[in-house]
Structure formats: structure tokens, C-alpha cells
Protein chains: 2
Amino acid sequence: MTEHKLSDTLAAPGARTDVGPAVPAPGAVGALRPLGLDQARLRPDGLLGRWRRRNAEDTLPHCVDNLHSQGNIGNLAAAAGESDQEFAGMWFADSDVYKTLEAALWELATSPADAGLKDFVDTTTALLARAQQADGYLNSHFTIAAPEKRWLKPDWSHELYCAGHLIQAAVAAGRTGGSPELVAVARRFADLIVERFGPEGVEEVCGHPEIETALAELYRLTGHRPYLDLARRFLDLRGRGLLGPGRFGPVYYQDHVPVRDATEVAGHSVRQLYLLAGMVDVGVETGDRTLLDAAERLWEDVFHTKTYVTGAHGSRHRDEAYGDPYELPPDRAYGETCAAIASFQWNWRLLLATGRARYADEMERALYNAIAPALSADGRHFFYSNPLQLRTGHAGSGEEAAARRLPWYSCACCPPNIARLMASLPGYVATADAGGLQIHLYGDASLDTGVAGRPVRVEMRTDYPWQGRVELTVEDEGGRDEDPWTLALRVPAWCDTYAVSVGGETVDVPVQDGYVRLTRVWAPGTTLVLDLAMPVRRLSAHPRVDAVRGCVALARGPVVYCLEQADLPPGVVLEDVWLDPAAPVEAAHRDDPAGIPVVLTAGGRLAGSGDALYTALDESGPGRETGAPLALTAVPYFLWGNRSEGPMRVWIPLAATG
Amino acid sequence: MTEHKLSDTLAAPGARTDVGPAVPAPGAVGALRPLGLDQARLRPDGLLGRWRRRNAEDTLPHCVDNLHSQGNIGNLAAAAGESDQEFAGMWFADSDVYKTLEAALWELATSPADAGLKDFVDTTTALLARAQQADGYLNSHFTIAAPEKRWLKPDWSHELYCAGHLIQAAVAAGRTGGSPELVAVARRFADLIVERFGPEGVEEVCGHPEIETALAELYRLTGHRPYLDLARRFLDLRGRGLLGPGRFGPVYYQDHVPVRDATEVAGHSVRQLYLLAGMVDVGVETGDRTLLDAAERLWEDVFHTKTYVTGAHGSRHRDEAYGDPYELPPDRAYGETCAAIASFQWNWRLLLATGRARYADEMERALYNAIAPALSADGRHFFYSNPLQLRTGHAGSGEEAAARRLPWYSCACCPPNIARLMASLPGYVATADAGGLQIHLYGDASLDTGVAGRPVRVEMRTDYPWQGRVELTVEDEGGRDEDPWTLALRVPAWCDTYAVSVGGETVDVPVQDGYVRLTRVWAPGTTLVLDLAMPVRRLSAHPRVDAVRGCVALARGPVVYCLEQADLPPGVVLEDVWLDPAAPVEAAHRDDPAGIPVVLTAGGRLAGSGDALYTALDESGPGRETGAPLALTAVPYFLWGNRSEGPMRVWIPLAATG
């Protein structure tokens, strides 16, 4: 990690640079500074822009509707004494309200004209203020259903988890200027929490991490040091067994080892990842290198032994947990949507702290292959769990193993989590440091920001991720000969071959630490083209990943593909389809921008399969005999399940491996 | 299924033929009749005999000790008003007492001199009589901890499940003559159950099947028809949604479809298998072919798509359930010990009903590879779950994924279930029908039974399963020229080559329906040798079983083998070991009868494995490059984990598959 402080980086004159999630304070240790999501505009015809628009037009209104119909808003009304409603839903249902609020506030930052969203924010904030108790406590479940249990069950209650999401919504309110009232509500609760759990208070932590990153963010917003100190205290107290054994052991909520001593990710994956985000936040704000070292150590562990090829996290349904190293079953992948979002958020924090491209690579992988798949094409149906294989005959109709995206969940943590991620999407496109700009995510977008104290605009035109060509035009009207700066463009780790041209002239520029860096005086209107070659890749897993031995996953650019029953001839069972390694796999562009713009075509074989479950090898060979050929079509994994319900697989068996 | 009734078969004069589990009534439909476990003596130097002796000397006393130390007996004393103990353990803890009682009674049938066991039976029976309420109700949890909830939660309460195990213990008491008092206690409760749930009573079923087979057995013991009618009623009422959705949906407790309409096994595997046992019992006693057809249909399903190569059942930890077809992960195999025992019991019933060898084959597979592995060499430590792979770095310390056998469990269903299976082991060796005797399980044993109305003795000498040679001597002193009968010897499905000789002369006798059948007048002292060839088999799974693609399992005779860390050189990680398909795999006999009499030696390769979790195929090939050779030793899977705790795997990756 670089040693300089973020205050060394230079903001554009007058620009708000803190409009977005996880914005380090000026004195924090770190390498990169966010631009603020109001400085990046995603044009609506690019994929990222369409995702953001769908979020605003469909997902967010759908979330608001469900907060009403499922009783979340009614819970708060009851807590305010304005309704007789019995408590509805999960005991942490308030958190769904807070995440939706946060999403609405990020959305309003760049779409202030959305009166419906603004009304949701205002009325909900007012309701929260009325539901809040005199001492600042705010939790509808414990207020109306179990007042005598307030603060009594930290392993289970999610009180601090809910408070954390309230605080995150308030941080969005504060940074966007969207609701000073919400900031006030959150601070009243936060002050109560500091009083109870602070240095003079009880030694407790929350069974579900979230409060740590939230308090660090609230410190960033307010400059009030006790919030940061309490976040650090919660980290320091973890791993001492304060939460008790619980049903799944202390590892379930990462209470089995002090956070600085952990050597591998473990337990409930969302909890682990939110905790890691908090560790980075507290680490950069306090300069506590031990926290950052631990976070990077666990990054090494999880991305080398416990992550799906889609970027999904969590191998076990039983406790929504990481498995053993290399235990990555595609069919029973848990891959909770919230875990992918948490991974994205954690990697964003590590990217800001270190400037290392691997964190941006991971954000990209998770975005396209672990977050986007959770959402239906219509933006109103969701996966909670994101398996990499759905079998013929899948009988799991439970929400945790649904065969299709559902409109809502009894545990509805994921939909509003998607909403807040998509609403803040522009904020992750690029960053700045003292030397210039870094572009991490490619999309059809316009950046209005500042470099070296003067305004700079970068227009980015691309059909990414379907095409690897990215055209950029730099507008730096204040540029002078003596003011060179560096534009850094990420070359993803998946990309072996790339080309750069400036003003039509090819330039030979190496990849350094994951970026091509062009340092120059940018004459206004300088055009730049980055061309990332996107051949189809056939990915194989580490040989210790037993579950996908003899299989490949197809990918092109950042997008992982899959086979779906919808593309097979009638009567063909997906499990009997193997990939012919001798046949080429090629990308085919379709004139279907709203649907599936690029499919992959491949050659397959129909496996022979007898009746016997187990046979002696000498009788039938190794079970790899190849049968009739058939043409295969693979589609982007994030688009699966939009045409018909049916079997799907990312990992495809090879008909022969030579 | 044959149409004749069991009353057609001929018992030996004066012989008790009903001493054992699941003995059909004389009027039942069926093909074969049990001999009774008192007619088969397992000599203590054979493997089966040693298992039975270890059960009597170690497992059973260990169970009795734990019933005291864990509070199960204390619960009953509290229910009897003789103790202030708060309820201890699971709410169905009584069932552990009942299964231990059943085990003790089967054991006493052939070891009547065991005063300690006899005392346990007598004192526990007396305690049960005192704990029983005036109306016959007997359940310590609901008596002392939740009397107001009696009968109110059939989905959860396990009241009828516990009653079922009480009844099964009573059936053992009745058949062995071991405790008329226990029969009386059970009948009082059963009569209450008939009153409440019978034709005039409520329409309810139990969330955990068991009562169905138990009531059928009690009918067999007593001839009291209402017991059988109620068993049938419970089956008829299932699948109507009476249990409600529950946490995992109605499929969890097989309430999603009427039992006769089911086309595949589903849900909690132990519940499914106990239910299937009850379906067979009721089917043969009532002549209801639809129940038997359904049971055989589900047999086809489970043994062709959802059973591990060890005979274990259950692919999911979350709900202890069957997975989708071909979803058989070795590392996350649930393979509950009780499910293997239930499968054994179900197959025993199907064997008696139909005479088909496949059911005996399955009993053998489950016995050696799914039941025996649950028990430590010392007989005092147990697996609840029986995975086929334990990974390096396995962190699961929970009871459901223990890395080593534990002395007891908070949910202690498995240990006493093993005890009752092992105590009744002699009863499964052979059966009779009108035409003679059938030997299903080979072991060092002596059969004293009857054929055609006169006494017959068969001495069996063998080192099975370590050797395939079985020597039999038939003593039929009453044999006359006009009295031929048939000795049927099972030739397991795993055996391709066998030889039979009589009196030293090779005879050419075909396998018919899984048995060689020798029909003759058996001169006293006729010797017979069956020689089953036991080459090492390399088993591969159906190609749809993705989780073990490119792997083989090693087996010899009925025994499945595994690799254990204990046999690898220091520093070698088991996950990096592949089997060299070009190297021979050979059996090596050791002079170690109490330990590992036969190991397999094989050639292996150390896999190269980089750091990356996923790589593009063209860079590194398909991940099958072979490295340094090393010599491998495989040990019987049922003996794993007795030398040291450490990684293990049944399915071994092939270094190359040509």
C-alpha cells in the first residue's frame, strides 16, 4: 500500500468529491480518491447505463412497493404508535427500508427530478423520526414485538446491523445533501450506541457485522471521532467469543479469532465480507496497518481458494458459509447476491487504499457475473442464491435454492442491496490521485471531474463488455505545457492482448501493475483508443477444485457464459451435453442489444449414459465416450433464466481431454 | 414379487422363527422368511462376529453409560416424579433409550448371560412403567417440560417417532421373550395412539416417520389388527399437507405427495427411508400391492440417481436431505449413519417380500461401507455424517461435519441405532423359503435351522470380505433320497467370476437372479465351496455425477477403499495425489487381522498445482499434467480415521484418461 495520504491528491476546484459510498476522509491513508458518483454520467444506451436506468425505473419502485406490501413500512408506523400492525417479516426488516433509502438517495444525487423517490425519502425519514424512541433507539421489531429484549441478544438481534444500514442511508443523505433529517435521526441512534458500547460501555459486538463500516463512514461524514473509535472497538472486541457458540459455532459470525489474526475467510460469507469492509475503513482512517494487512491476507485466501469463477462467494447452504479450501460445488453454490455486493464493496475499499488493479478486476468480475445475474431482465425479480448449475429435476422450491428469480423474499436483504449498488454504480467507474485519473470500469460514460486543480472531462464511448474497444476523448481546457498528468486505463487480468492509440497513432505502452499509464499534456480533444482483445477463453479450475474436474467455463472479456436448456434441441438433457474440445468456440454478435448481444457458438457431443450409477472402469471406459455431435450456444451467465425456467450450467464437461 | 404367502414356507420343528427385526406374519405376502437371529451364530473370529462382539462389549455399554451421563435416563426419572432434573438433550431423547433397549434385547437373545444388559433392560423397563402416565402416554419431554403441548405439534414433536422406537424395543422384547413388561408398556401407549389417531380419531401424521413400521411390527407380534390398520392409515394420510409447510417445505417430511404416487425419494433421507420400510411392512401384511410397487419404484430412483458408492444416502447438510438426481458431492455428502441403517432395514424388508438379490446386494454394500464406517475401531466413537472426502484444511468442527468420530452427539440418534443393527446382525445372514435356504451375507457363521420340517445345520467358514472363498458344510441328518432341497448362495453383483465345487468336484451352476442354486439331497457332511473372485475394481460414476468426474473409486469384493493422509509421505497434500491409470492396483494381504487385513497398492502421480484458482485452458492445458510418481496405499473406507485425524478421499482423480 502506498504511504501517502489522500489529502495529497488534488480535487477539482469546487467539486464535491465525497458523493458516493466509502469515501475516505482527507487524512486517511490510501492511494486513490473516488470521483463522486455525480462526476460520472452513465449514458443510458450503454450496458451500465441501462442497468442504472432499470434500477431507477423498475427495481427501486419495486422495492418501495414491497416495503409497503410486505409490512416493513407498517412496522415502523406501528413503532411510531400510528398503527396496530403486528410485526411483519424478519426481525431485521428495518434494514430493507434503510438499504432502499440509501439507494434512493444515491439515485437522487444524479436524478433530482424523481419526485416519487424524493417523496419516499421524505416520508420515510419523517416516519423514522417518529418511530425513534426518546433516547435515540430505533428498531421496529424490538420496539413493538420484543421491547423487553432490547440489546439482550447481540448474537442474534441484528440491532447494530440494522443501525448500520440506517447509518449508511444517512451517510448517503449527508453526502448527497438529500436529507439532513435522516442524518439527524441516524446520529441520535449512533450517539446512543456510542454511549452504550463505547469505551465506558459494555463489551459486546453484533452477530452480523455492518456497524463497523457504517460507523467509519459516519465519522467520515461528520468528523466525529467517537464513531470511528467505536468502529475500531467493535473490531478489537471480535474473536473473543463474546457472542457465544451459537448454532453454527463462533466461526459463523467471525467471532472465532481476532480479526487481525485471521488467516482465512470463514463462516457466513456476507458477515465475513462486511466485516472486511469495516476493517479496511477503520484501517485507512486510523492508519492501523495491521487491519489492512489482515484484509489483504484474507483477500489472498478467498480469491485463491474460495471464490467461484463468477466472483460469487459462499459454498454452503446450511450456514450460508464459505466451505473448505477448493470446496466450490457449482450446483450447490450458495453465492448469495449480498455476498457478491459485499465483495464488490470490500474490493472498492481495497482499491482506494492500495490502487492495485486486482481489486478493480475483482469488482468487474463480481459486477458482471455475481451481482448482475441476480436481477431479471425486467429488474423486478431476484435471485438470493446464485448457483452455477441448475440440474434437470431440480426440486428445490425453497427461496434459498429457487429455480427462477422471485419477485421478493421473506428474507429480502438482496433486492434493496442490488438497488443501492446499481444506484451508486457511476461512482466506481474512475478515481483520481495526485498524478491524474484512473479508469477502472469501462462503459458508455462521461466523466466531469478535476485534475491538478482544474476541470477535466473524459468522454468514454464503448460497447463494453460486448466489444473490447474503448474510445476516450479528453477535454482539458486548462491544460498547459507544464501540466502533464497521467491517465491510467485498467487492462483486465483476463486480457492478454491490447492496443493503445492516441490521436490515431498507435503507441507502445506497457501494462504496469494492471494499468496502461499515459502521462502527457492533454491537448483539448485528444482522442485515445484502448482495444482489449476479447477472444473466447476456456477456463479450467485449479485441480483441487474437484467439483468441476474435466470441465471448462467459457468466458469472453469480463463475461462468463453458460449453457441453458432453452438453447438445446427438444429431448436433450443438459447433463448429457459435453463440449467438444476440438471444435472452435466463437463469439457471434446478434442485433439484440436489449437481449443477448453476444452468444458463443461451440461444438458439443451427446454423452452416452447408461442406467447404472456406478460401473467398473474396465467395462465401459472412463465414462467419457463421445456420442452424436450437436451445435451449442452459450449465453452470458448474467442473462440466464430470462427466457424459460430450466437447467443451466457454467462448467461444461469436456468430451475428451487428450 | 412372488405371489405365495409366507405360511407356505416350512419351519423347522419347534424352532422360533420370529426372533429378529421385521418378521412378516404367517399370512403376509412375501418370498422369503427370516431364520431368526438365534438360528445364526457368528463366530467371534470372523469380521461380522467381531463386530457383534464389539457391539456387546463396547458399543452397548457405552450407549448405556451415555444414557445416564447425558440425562436420558434422568429425563424418565423426572417424568416418573423421582427426580427434579430439568429436561436434558433433544426433545426426542427418549428414542435413544428405546433403541438401546432394542439393541440390548437382540443381544440378550443369544447372550442371555449378560447380567449387566439384563439389568439395564429390567430397570429401564420398570422406570418406563413408572414414567408412563395413567392413560398410557409416555414421553419424558412433554411430560416434564411441555405438558401443555402434548400432541399439539405433530410436525415437530417426534412424539409418535419416539413411540415407534418404544414399540420396536417392545417387539424385540416380545420376540426374544426378554421383557413381557416392556411389551405391556408399549401396548398401553399404542392403544392410546390407536384411540387418538385411529379411524374415529384425528387426522394427523408424525413429522418423522417411524410409527408406521413400528405399528406393523407390533401387529405382527400381537396379531392385534388395529395396530396394522393405524399404520396403514398413517400412510394413507401422508401427502395431504397435514403437517404444514414447515421450515423446509412439506417435502422435508415426505408430506408433499401421497406415498403411492411418489416417483422419487425426496426430503430428509432418514425420514424417507423409515417411511419406505413402513410401506413395505404394511404392504406385505395387508397385501396392498400399490404400497410395494411404490417402494420398488422409489428403490429404482434412489439407487440409480441418489446413492453414494458407499451405499450412503443424503447429499445435503442443510436439511439432511436427498439432493437432485446425480447430486452426489463426496466432500459434502451427508450420508447420515441412521440413513444407511434405515436403507439396510428397508432393503431387508424388500428382500423378504421379493427374494430379489439386489436388495441383499444393497444390504451388503451399506453394511460394509455406510454403516461400519460410522464406528471407530474401539466401538466407542461414531460418525453422524459419513463424507466420502475430508479436505485438507477442513474447518468444520460441528457435529454434522466432524473431522473425527466423536464419543457421543447432542443428537444421539446414530450410536444406539448402530447398536441395534449390530446386535441383530445374525438375523440377516440367511433366509428360508419352501424350497430351502438362501445365504445372503457371508461370514464365519453357523446356521442351526430347519428345512422341510427337519433340522439342518450349515457351517460356513470364510475370511470374507477379505477373501472370496466360502466353505460350507451341510449337516442334514434327516435327509432322505426323496427330500431334495435348494441351497441358494448369493453371487454379489460386483462379482463377475465365481466357482462352485461340491465335495471337491467343480460343478457348473449358473447364477439365476443373483444366486447359484444347488438343489439336491444333502448327504450329511456335504462340503461345498463358493469362490468369488475379488479382483480390484476401479469404479467410475455415471457421467451425470459431476462431482466425481475424472475420478475412480477403488473397491475389492464388497469393500470400498479410500486414500488417507496417514499413508502419504510427509508434506504431500492428499488433494494433489492422482491415480496413475497405467499402474496396476493390487491387493496386499497383511498379517493384521484386527487392523487392516487387506490394503490396495497403486501407482500415483503428484499433480502440479499453481497458485491461480482459474486459468485459461490454452495456457496450462486441462489441469491434468502429471508430476512425480509416488506409491499409494488405499485402505478400507470403513477403517478410515482410526490411525490419525486427517484428509481422506474415496474418489481419486485419474492422472490421465486417454
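Order of the sequence lines fixes the chain letters, A, B, ..., with proteins taken first and strands second; residue numbering starts at 1 for each chain. All figures in this text were calculated on a predicted structure; none of them were measured in a lab.
For a residue to count as touching a neighbouring chain, one of its non-hydrogen atoms must lie under 4.5 Å from one of that chain's; by this rule Ser315(B) does not touch chain A. Both the backbone and the side chain of Tyr326(A) come within contact range of chain B, judged by heavy atoms closer than 4.5 Å. Within the 4.5 angstrom heavy-atom criterion, atoms from both the backbone and the side chain of Val309(A) approach chain B. With a threshold of 4.5 angstrom between heavy atoms, Asp331(B) approaches chain A through side-chain atoms but not through N, CA, C or O. Neither the backbone nor the side chain of Trp494(B) comes within less than 4.5 Å of any heavy atom in chain A. Heavy atoms of Val573(B) lying under 4.5 Å from chain A belong exclusively to its side chain. In this structure, chain B has heavy atoms under 4.5 Å from both the backbone and the side chain of Pro325(A).
The residue among Thr307(A), Val548(A), Val552(A), Leu328(A) with the most heavy atom pairs within less than 4.5 Å of chain B is Thr307(A). Annotation: maximal heavy-atom pairing with chain A below 4.5 Å, among Arg537(B), Glu264(B), His317(B), occurs at His317(B). Ranked by non-hydrogen atom pairs under 4.5 Å with chain A, the options Glu575(B), Lys306(B), His304(B), Gln389(B) are led by His304(B).
Atom OH of residue Tyr308(A) and atom OH of residue Tyr614(B) lie 7.5 Å apart, to the nearest 0.5 angstrom. Rounding to the nearest 0.5 angstrom, the gap separating the CZ atom in Arg544(B) from the CG atom in Leu613(A) is 11.0 Å.
Legend: residues meeting side-chain hydrogen bond (donor to acceptor under 3.5 Å, both in side chains) with Glu300(B), ordered by chain and number and at least two apart, are Arg358(B). Considering only residues two or more places apart in sequence or on other chains, Ala533(B) meets the side-chain contact (heavy atoms from CB on, under 4.5 Å) condition with Thr497(B), Pro535(B).
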Test side-chain contact (heavy atoms from CB on, under 4.5 Å) on Arg391(B) and Glu327(A); report intermediate values, then the result. CA-CA 8 Å; Arg391(B) 289 181 181 278; Glu327(A) 178 193 318; 3.7 Å; yes

Quick one: do Asp319(B) and Arg318(A) satisfy salt bridge (charged side-chain N to carboxylate O under 4.0 Å, His left out)? Show the steps, please. CA-CA 8 Å; Asp319(B) 43 1; Arg318(A) 180 173 177 271; over 6 Å; no

Working note: Arg649(A) + Asp546(B), criterion salt bridge (charged side-chain N to carboxylate O under 4.0 Å, His left out); need CA distance, chi angles, decisive distance, verdict. CA-CA 11 Å; Arg649(A) 73 186 307 163; Asp546(B) 296 296; 2.6 Å; yes

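Scanning both residues, Gly610(B) and His542(A), for their nearest heavy atoms gives O-NE2, 3.0 Å. Closest non-hydrogen pair, Arg549(A) versus Cys551(B), comes out as NE-SG, 3.6 Å.
Side-chain contact check for Thr392(A) versus Asp324(B): every heavy-atom pair is 4.5 Å or farther apart. For the pair Ser540(A)/Thr615(B), a side-chain contact is recorded, criterion being any heavy-atom separation below 4.5 Å from C-beta on. Arg332(B) has its side chain within reach of Arg316(A): a pair of non-hydrogen atoms, C-beta onward, lies under 4.5 Å apart.
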